[in-house]
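Structure below; questions to follow.
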Number of protein chains: 2
Amino acid sequence: MPKVRRMTRQRRVILEILRNTKDHPTAEWVYEQAKAHLPEISLGTVYRNLHLLEAEGEIRELDCGGASGRYDGNSLDHAHFKCLECDRIYDTAGPLELNGQPFDLEGHMVSSYQLVFYGVCRHCLNKRSEKQDNSQR
Amino acid sequence: MPKVRRMTRQRRVILEILRNTKDHPTAEWVYEQAKAHLPEISLGTVYRNLHLLEAEGEIRELDCGGASGRYDGNSLDHAHFKCLECDRIYDTAGPLELNGQPFDLEGHMVSSYQLVFYGVCRHCLNKRSEKQDNSQR
DNA sequence: ATATCTGCAAATGGTTTGCGGAGGA
DNA sequence: TCCTCCGCAAACCATTTGCAGATAT
């Protein structure tokens, strides 16, 4: 573990990208975006910085299943909704408030959480009803 | 996708193992256990059956981060607690009730959820206080 | 000055899959 | 019988890592 962290161009760009999207992108997507600013950047660097930024509490990796990890520029505890049809991940207000305070749960000390709802999203529900309208026409 | 599922010895053993543990084991662990009953079983078969059983709604794969997937013999929606120190996963009652009914969340149709709390578990908290006791002695 | 960071490319490791034979229904 | 399932081993693919040079502080 290094003692002092350097704010390299790569790290700044990666953080910027995550801060400026409401999606919950994969490392690969971040890499593609970053190349627009730093054509020489490598995927390994993206992964290294994603982990570094997560360790610093700047971003968060989501546990939502699927082949590749998703990252969230908002590191505050909040709930997500993942569409089982298109794999989009949405932020939701969620029913929980942690208030930054660890709390006791059955003897365990809870310091954070990930709440993921699964189902079919607005987007895909609309598509479904469009299809139905067409077939009824 | 096959039309009729066969209840093979392998599938029965794998399901049995998951039903009879309160842990949330990895595929590898299930494989090791299964070998005690079926020495010839292969890891590929374990994975195939875990997916099959999940598709049938018999078991559930957990999204809790970490290198390898965890499986849960209880497929009903419920919350988990994962220790950040020892990686154990505990069942918890959790604050949510879905009642088997999909509900609307900001326009999305929610059919299931995964809620994972993170923190330090009873077990590790005890270890900590034991250490402290020793150093104070 | 110097220790951290980067690009590159190879290694890793959990998971998946093609194949030919086995075995449930 | 026959079609699904198995064991085996190779393939896959997201992620990690060793190295030598670059760079932030």
Side-chain angles (χ1 to χ4, degrees), chain A residues 1-18 23-56 58-72 82 87 89, chain B residues 1-18 23-56 58-72 82 87 89:
Chain A
M1 182 98 75
K3 295 175 183 171
V4 179
R5 294 278 160 73
R6 292 178 183 170
M7 183 47 67
T8 60
R9 277 170 300 147
Q10 290 83 346
R11 187 162 315 154
R12 189 180 357 261
V13 165
I14 290 168
L15 183 54
E16 191 104 345
I17 288 168
L18 277 170
D23 293 337
H24 302 77
T26 62
E28 186 71 36
W29 188 88
V30 173
Y31 171 54
E32 293 303 330
Q33 299 298 307
K35 274 201 285 193
H37 299 85
L38 300 169
E40 301 302 305
I41 198 171
S42 76
L43 186 53
T45 295
V46 171
Y47 275 107
R48 270 187 289 233
N49 278 296
L50 288 173
H51 293 157
L52 237 51
L53 289 167
E54 190 186 15
E56 289 169 353
E58 294 289 340
I59 67 172
R60 190 135 175 201
E61 182 171 5
L62 304 183
D63 302 323
C64 300
S68 33
R70 305 292 204 101
Y71 295 87
D72 190 338
K82 181 177 188 182
D87 271 7
I89 296 173
Chain B
M1 181 98 74
K3 293 175 184 171
V4 180
R5 294 278 158 71
R6 291 179 183 169
M7 182 48 66
T8 60
R9 277 170 301 147
Q10 290 84 347
R11 188 163 314 155
R12 191 182 352 264
V13 164
I14 290 168
L15 183 54
E16 192 103 345
I17 288 169
L18 278 171
D23 293 337
H24 301 78
T26 61
E28 187 71 34
W29 187 89
V30 173
Y31 171 56
E32 293 302 330
Q33 298 298 307
K35 274 201 285 193
H37 299 85
L38 300 169
E40 301 302 305
I41 197 172
S42 75
L43 186 52
T45 296
V46 171
Y47 275 108
R48 268 187 289 233
N49 278 296
L50 288 172
H51 292 157
L52 236 50
L53 290 167
E54 190 186 14
E56 287 169 354
E58 295 289 341
I59 67 172
R60 190 136 174 199
E61 183 172 4
L62 304 183
D63 302 323
C64 301
S68 33
R70 306 292 205 101
Y71 295 85
D72 189 338
K82 180 177 190 182
D87 269 10
I89 297 174

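In what follows, chains carry the letters A, B, and so on, assigned in the order in which the sequence lines appear, proteins first and then strands, with residues in each chain numbered from 1.
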Point to revise | Atom-pair distance (CG on B/Leu52; P on C/dT15), nearest Å | key: 17 Å

Check your understanding: Quick one: A/Met7 CE to C/dT6 C1', roughly how many Å, whole number?
Key -> 15 Å

Point to revise | Residue met sooner reading DNA chain C from 5', once A/Glu40 and B/Gly69 are mapped to nucleotides | key: A/Glu40

Review point. Among the nucleotides D/dT15, C/dT6, D/dT25, which one has an atom lying closest to any side-chain atom of A/Thr45?
Key: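 Closest of the options to the side chain of A/Thr45: C/dT6.
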
Point to revise | Rounded distance (Å) that lies between atom C1' of D/dG7 and atom NZ of B/Lys35 | key: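 Rounding to the nearest Å, NZ of B/Lys35 and C1' of D/dG7 are 13 Å apart.
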
Exercise for review: Please check if atom NE2 in B/His51 has more than 12 non-hydrogen atoms from other residues, nucleotides or ligands closer than 6.0 Å.
Suggested key: yes

Review point. Quick one: on DNA chain C, does A/Gly44 or A/Asn49 contact a more 5' nucleotide (nearest heavy atom)?
Key: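 Nearest-nucleotide comparison on DNA chain C picks A/Asn49.
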
**Study point:** Spacing of B/Leu50 atom CG relative to C/dT15 atom P, expressed in whole Å
**Key:**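 B/Leu50 atom CG is separated from C/dT15 atom P by 9 Å.
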
**Study point:** Out of D/dC19, D/dC6, C/dC5, whichever nucleotide has its closest atom nearest the side chain of A/Arg48
**Key:**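 Side chain of A/Arg48 sits closest to D/dC19.
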
Check your understanding: Quick one: do A/Glu56 and A/Arg5 make a salt bridge, cutoff under 4.0 Å?
Key ->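 Looking at A/Arg5 together with A/Glu56, the answer is yes, because their closest N to O distance falls below 4.0 Å.
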
Exercise for review: Starting from P on C/dT17, measure out to CG on B/Leu43 and report it in whole angstrom.
Suggested key: 14 Å

Review point. Distance check: side-chain N/O of B/Ser68 vs OP1/OP2 of C/dT15, anything under 4.0 Å?
Key: no

Check your understanding: Got a donor-acceptor contact below 3.5 angstrom from the B/Arg70 side chain to the B/His24 backbone?
Key ->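 Checked: pair present.
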
**Study point:** B/Ala67 side-chain proximity, nearest of C/dT15, C/dG14, D/dC5
**Key:** C/dG14

Check your understanding: Base, sugar-phosphate alone, or nothing: which one does B/Gln10 contact when heavy atoms must sit under 4.0 Å apart?
Key -> sugar-phosphate

Review point. With a non-hydrogen cut-off below 4.0 angstrom, is A/Arg9 in contact with a base, only sugar-phosphate, or nothing?
Key: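 Sugar-phosphate only.
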
Exercise for review: Return the value, rounded to whole Å, for the distance between atom CH2 of B/Trp29 and atom P of C/dT15.
Suggested key: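 That distance rounds to 16 Å.
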
Review point. If you look at every heavy atom in A/Val30 and A/Ile17, which pair is closest and at what distance?
Key: O-CD1, 3.9 Å

Check your understanding: To the nearest angstrom, how far is A/Ile14 atom CD1 from C/dC5 atom P?
Key -> 12 Å

Practice item. Identify the two heavy atoms, one from A/Tyr71 and one from A/Thr26, that lie closest to each other, and give their separation to 0.1 Å. Key: CD1-C, 4.5 Å

Check your understanding: If you check the B/Arg6 side chain, which of C/dG24, D/dG7, C/dG7 turns out closest?
Key ->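 The nucleotide sitting nearest to the side chain is C/dG24.
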
Practice item. Return no unless some side-chain N or O of A/His51 is found under 4.0 Å from OP1 or OP2 of D/dT15. Key: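 For D/dT15, OP1/OP2 do not have a side-chain N/O of A/His51 under 4.0 Å.
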
Review point. Within the structure shown, what part of the strands sits under 4.0 Å from B/Arg11 by heavy-atom distance: base, sugar-phosphate, or nothing?
Key: sugar-phosphate

Practice item. Calculate the interatomic distance between B/Glu28 atom CD and C/dT16 atom P; express it in whole Å. Key: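 For the pair B/Glu28 CD and C/dT16 P, the rounded distance is 14 Å.
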
